J.: 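One structure coming up, written as structure tokens, with questions to follow.
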Number of protein chains: 2
Amino acid sequence: MTRQSSELCEQVARWEVQLRKGILEFVILLTLSRREHYGFELVTGLTERAAIDVPEGTIYPLLLRLSKDGLIQSELRDGDGGAPRKYYTLTHKGSALLAAMIPSWQKLAASVDGLLGGHRN
Amino acid sequence: MTRQSSELCEQVARWEVQLRKGILEFVILLTLSRREHYGFELVTGLTERAAIDVPEGTIYPLLLRLSKDGLIQSELRDGDGGAPRKYYTLTHKGSALLAAMIPSWQKLAASVDGLLGGHRN
DNA sequence: CAACCAAGCCTTGCAATGCAAGGCTTTTTA
DNA sequence: TAAAAAGCCTTGCATTGCAAGGCTTGGTTG
């Protein structure tokens, strides 16, 4: 790989980090709206199913913040013969916030796609 | 408006701020790839055409950073009888980065929309 | 029994960015 | 002359992603 293209890769990587901000919170709430998940399951699940890589150092502080804000709640239960797991579910408040987020996301994504549509090279 | 819904509005607003991170850089490069723009024109243009509200306190530091990174370049010219304008255009490096960003955005947006598609309530 | 590994949770400190608030200059207009 | 509008910029704060590392539990292996 040339020096130029590796610098470009780094820039894209830095950009993707910023791109996640806010999106992750949305994605977590969206995932929990379908069924309860425990933390580690969110990490592996999002990586595999949605191709969104979420490191543990990101997910646990985020889950903690969402709990403090009353958007989700947790229950500690014994796992499948392994270490105990903390299962998270949406609260009523979390559902309401998610419902408000969806049109915001759709509007923004549509705007970006509109600009993308005009991109001809 | 009730106290609850105004708190929800504030939370959505805070979230939208985070959602912009990264997206704005992408949107600016995308906009400049079509034709040159001056700073204030980006503010008004994105608000009107793309419904993306970009305050001046956001756009000017961002344009400065993109210039420092060699992604865009500027030329100061007299405006339409008003104050002088700084016109920005993409550099070759900026075009290359934009080209690398597009598939990243499309992949992420597709992942989120995939999760959204499974959302039934 | 001791050593090891995987699942699973958490904390700390840093890096990066949006933006409110305010200030500056130039030109037009009342 | 005063005021408003176009247009550019800076400072400081708040927020968030994440790399790196540590902790616990239970199973597996020698």
Side-chain angles (χ1 to χ4, degrees), chain A residues 10-29 36-48 52-69 71-72 74-88 104 108, chain B residues 10-29 36-48 52-69 71-72 74-88 104 108:
Chain A
E10 281 172 26
Q11 278 186 314
V12 173
R14 259 203 309 275
W15 171 66
E16 285 179 340
V17 166
Q18 299 303 323
L19 193 54
R20 291 175 210 278
K21 299 207 173 190
I23 293 187
L24 280 185
E25 177 175 342
F26 181 49
V27 161
I28 296 300
L29 293 179
E36 66 174 11
H37 287 71
Y38 58 95
F40 204 81
E41 185 185 17
L42 287 170
V43 173
T44 56
L46 286 177
T47 299
E48 290 171 11
I52 300 177
D53 196 41
V54 186
E56 296 177 52
T58 296
I59 199 92
Y60 290 113
L62 176 54
L63 289 172
L64 210 61
R65 180 172 63 81
L66 295 178
S67 288
K68 275 180 190 162
D69 289 349
L71 302 172
I72 62 179
S74 64
E75 187 194 351
L76 198 63
R77 288 208 302 269
D78 277 355
D80 209 11
R85 298 166 173 172
K86 217 175 203 171
Y87 283 89
Y88 290 91
S104 276
L108 182 65
Chain B
E10 282 172 26
Q11 279 186 313
V12 173
R14 260 202 309 276
W15 171 65
E16 284 178 342
V17 167
Q18 299 305 322
L19 193 54
R20 292 175 211 278
K21 299 205 175 191
I23 293 187
L24 279 185
E25 178 175 343
F26 180 50
V27 161
I28 296 300
L29 294 179
E36 65 175 10
H37 286 72
Y38 57 95
F40 204 81
E41 185 185 15
L42 286 170
V43 173
T44 58
L46 285 177
T47 299
E48 291 171 11
I52 300 177
D53 196 41
V54 186
E56 296 177 52
T58 296
I59 199 94
Y60 290 114
L62 176 53
L63 289 173
L64 210 62
R65 179 172 64 80
L66 296 178
S67 289
K68 276 180 189 161
D69 289 349
L71 303 172
I72 62 179
S74 63
E75 186 193 351
L76 198 61
R77 288 206 303 270
D78 276 355
D80 209 10
R85 299 167 174 171
K86 215 174 204 174
Y87 284 88
Y88 290 92
S104 276
L108 182 64

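It should be emphasised that the depicted structure is a prediction, and the values quoted were computed from it without experimental measurement. Residue numbers start from 1 in every chain, and the chains themselves are labelled A, B, ... in the order their sequence lines are given, proteins ahead of strands.
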J.: Please tell me which of A/Leu62 and B/Lys86 maps to the more 5' nucleotide of DNA chain D, matching each residue to the nucleotide holding its nearest heavy atom.
T.: B/Lys86

J.: Enumerate the residues from residues 17-24 of chain B whose closest heavy atom to DNA chain D is under 4.0 Å, giving them by residue number; use none for an empty result.
T.: B/Gln18, B/Lys21

J.: Please output the side-chain donor-acceptor pairs of residues 55-67 of chain A that fall under 3.5 Å, not counting sequence neighbours, one pair per line with the distance.
T.:
residue : atom : partner : partner atom : Å
A/Arg65 : NH2  : A/Glu25 : OE1          : 2.9
A/Ser67 : OG   : A/Leu63 : O            : 3.1

J.: Rounded to the nearest 0.5 Å, how far apart are CD of A/Glu41 and CD of A/Glu48?
T.: 10.5 Å

J.: Under 4.0 Å, counting only non-hydrogen atoms across every strand here, what does B/Tyr87 touch: a base, just sugar-phosphate, or nothing?
T.: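 Answer is nothing: B/Tyr87 stays at 4.0 Å or more from every strand.
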
J.: Return the set of residues passing ring pair (Phe, Tyr, Trp, His ring centres under 6.0 Å) with A/Tyr87 (not counting sequence neighbours), or none when no residue passes.
T.: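 Ring pair (Phe, Tyr, Trp, His ring centres under 6.0 Å) list for A/Tyr87, sorted by chain: A/Tyr38.
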
J.: Give the first and the last nucleotide of DNA chain D, reading 5' to 3', that has any atom under 4.0 Å from a heavy atom of chain A.
T.: D/dT16 to D/dG27

J.: Figure out the OH/C1' separation between A/Tyr60 and C/dG13, and round it to whole Å.
T.: 20 Å

J.: How many Å lie between CZ on A/Arg77 and P on C/dG8, as a whole number?
T.: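 Rounded to whole Å, this separation is 13 Å.
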
J.: Treating primed atoms plus P, OP1 and OP2 as sugar-phosphate and everything else as base, which nucleotides of nucleotides 25-30 of chain C get B, S or - for protein heavy atoms under 4.0 Å?
T.: --SS--

J.: Between A/Arg14 and A/Arg85, who's closer to the 5' end of DNA chain C by nearest nucleotide?
T.: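 Looking at the nearest nucleotide for each, A/Arg85 comes out on the 5' side.
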
J.: Rounding to a whole Å, what distance do you find between B/Ile28:CD1 and C/dC19:C1'?
T.: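 Distance check: B/Ile28 CD1 to C/dC19 C1' gives 14 Å.
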
J.: Indicate the atoms forming the closest heavy-atom contact of A/Val54 with A/Thr47, along with that distance.
T.: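 Looks like N-OG1, 4.0 Å.
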
J.: Could you give the CG-to-C1' distance, from B/Asp69 to C/dT17, as a whole number of Å?
T.: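 Computing the B/Asp69:CG to C/dT17:C1' distance gives 13 Å.
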
J.: Applying a 4.0 Å non-hydrogen cut-off, can you work out what A/Tyr88 is touching in the nucleic acid: base, sugar-phosphate, or nothing?
T.: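 Touches sugar-phosphate only.
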
J.: Classify B/Glu56 by what it touches in the nucleic acid, base, sugar-phosphate, or nothing, heavy-atom distance under 4.0 Å.
T.: base

J.: Nearest 0.5 Å please: distance from the CH2 atom of A/Trp15 over to the CZ atom of A/Arg20.
T.: 10.5 Å

J.: Quick one: list whatever passes salt bridge (charged side-chain N to carboxylate O under 4.0 Å, His left out) with A/Asp53, sequence neighbours left out.
T.: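 With sequence neighbours excluded, A/Asp53 shows a salt bridge (charged side-chain N to carboxylate O under 4.0 Å, His left out) to no residue whatsoever.
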
J.: Roughly how far apart are A/Glu36 CD and A/Ile72 CD1, rounded to 0.5 Å?
T.: 12.5 Å

J.: Taking CZ from A/Phe40 and P from C/dC5, how many angstroms apart are they, rounded to a whole number?
T.: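 Rounded to whole Å, this separation is 16 Å.
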
J.: Return the CD1 to CD1 distance between A/Ile52 and A/Ile23, rounded to the nearest 0.5 Å.
T.: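 Atom-to-atom, A/Ile52:CD1 and A/Ile23:CD1 are 7.5 Å apart.
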
